[in-house]
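Lettering of chains follows the sequences in order, A, B, ..., and the numbering in each one begins at 1. All values below were derived from every heavy atom in this structure, side-chain atoms included, with hydrogens, water molecules and symmetry-related copies excluded.
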Amino acid sequence: QQQVKQSPQSLIVQKGGIPIINCAYENTAFDYFPWYQQFPGKGPALLIAIRPDVSEKKEGRFTISFNKSAKQFSLHIMDSQPGDSATYFCAASNGGGDMRFGAGTRLTVKP
Amino acid sequence: GAVVSQHPSWVICKSGTSVKIECRSLDFQATTMFWYRQFPKQSLMLMATSNEGSKATYEQGVEKDKFLINHASLTLSTLTVTSAHPEDSSFYICSATDPGKPSGEQYFGPGTRLTVT
């Protein structure tokens, strides 16, 4: 069922660092690429999302870079903070709402 | 806007019993709702897609007779785990799409932790 490959599995950075999480997909029918942040025991919360007609989207400290030809997209977190420590999931879906998730990246930001 | 709630947030039941989990869209009408299961330290795995007024579509490997899904109204979908066993213990999360929002966007509930003893 995993149609979206995500790396790395875990990531540790110092406060202020810029963690980068990468995802790759196969299905060219996907047209919506969100990133979710999940804290333990909570549901996933939408962080930022992009569609294939743009190559980059920035919202606050979060940036998505999208490479349609390579079928890859990545999340950059600028000036990371200890409060950003969470598990991050990339996902991809088509117009029908069929959403597939990456395996997740456990991010730890050290103070 | 686009808030999804789940009830209960956690439940403990004995092996062999059934448990019902509710998913509600609070401020929009959800024509489509999704049910996911998440085991510890793993990703979300889609179990089924439900459309209001019709039968749910289950993913391969998900037993439809064990995981009963009912989407009787535009704001409520229920997942009933029948004859629960310890291996059904998991975090169950629902999501919904808002027809008034761009296609593909899903809004997730806070999840329900099920523990079967």
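Taking chain B as the reference chain and counting heavy-atom pairs below 4.5 Å, the highest number among A:Q6, A:R51, A:K42 is found for A:R51. Contact count against chain B (heavy-atom pairs under 4.5 Å) is highest for A:G41 among A:G41, A:P34, A:A45, A:G104.
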*In sequence, state the C-alpha distance, the side-chain angles, and the governing distance for B:F108 and A:F101, and then conclude on ring pair (Phe, Tyr, Trp, His ring centres under 6.0 Å).*
CA-CA 13 Å; B:F108 284 82; A:F101 283 80; 5.8 Å; yes
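The contact between A:Y36 and chain B is made entirely by side chain atoms (from C-beta outward), counting heavy-atom distances below 4.5 Å. Contact of B:E105 with chain A is made through backbone and side chain together, with heavy-atom distances under 4.5 Å. If you measure heavy-atom distances from A:Q38 to chain B, the contacts under 4.5 Å come from the side chain alone.
Both A:F62 and A:L11 sit in one connected hydrophobic cluster of ILVMFWY residues. Membership requires side-chain heavy atoms under 4.5 Å apart, directly or through other members. Cluster membership check: B:V19 does not share its hydrophobic cluster with B:L68, using side-chain heavy-atom separations under 4.5 Å among Ile, Leu, Val, Met, Phe, Trp and Tyr. Neither A:I20 nor A:V109 shares a network with the other; the hydrophobic side chains, linked directly or stepwise wherever heavy atoms of I, L, V, M, F, W or Y lie under 4.5 Å apart, form separate groups for each. Following chains of ILVMFWY side-chain contacts shorter than 4.5 Å, one cannot reach B:M33 starting from B:V62, and the two form parts of different hydrophobic clusters. In the hydrophobic clustering of ILVMFWY residues, with side-chain heavy atoms under 4.5 Å counting as a link, B:L76 and B:V81 come out apart.
Atom NZ of B:K66 is surrounded by more than 12 heavy atoms from other residues, nucleotides or ligands within 6.0 Å. The number of heavy-atom neighbours closer than 6.0 Å to CZ of A:R106, taken from other residues, nucleotides and ligands shown, is 12 or below. Around atom CD of A:E26, no more than 12 heavy atoms belonging to other residues, nucleotides or ligands sit under 6.0 Å away.
The nearest pair of heavy atoms linking B:Q42 to A:F89 is O-CZ, 3.9 Å.
Going from atom OH of A:Y32 over to atom CD of B:Q106 covers 8.5 Å, rounded to the nearest 0.5 Å. Note that the CE atom of B:M45 and the CZ atom of A:R100 stand 8.0 Å from one another [nearest 0.5 Å]. A distance of 10.0 Å separates CG in B:L46 from CE in A:M99, rounded to the nearest 0.5 Å.
For residues 83-91 of chain B, a heavy-atom distance under 4.5 Å to chain A picks out B:F91, given by residue number.
In this view, B:E22 and B:R24 satisfy the salt bridge (Lys or Arg N to Asp or Glu O under 4.0 Å) rule, not counting sequence neighbours.
Checked by atom type and distance alone, the side chain of B:S43 pairs as donor or acceptor with a backbone atom of A:G102 at under 3.5 Å.
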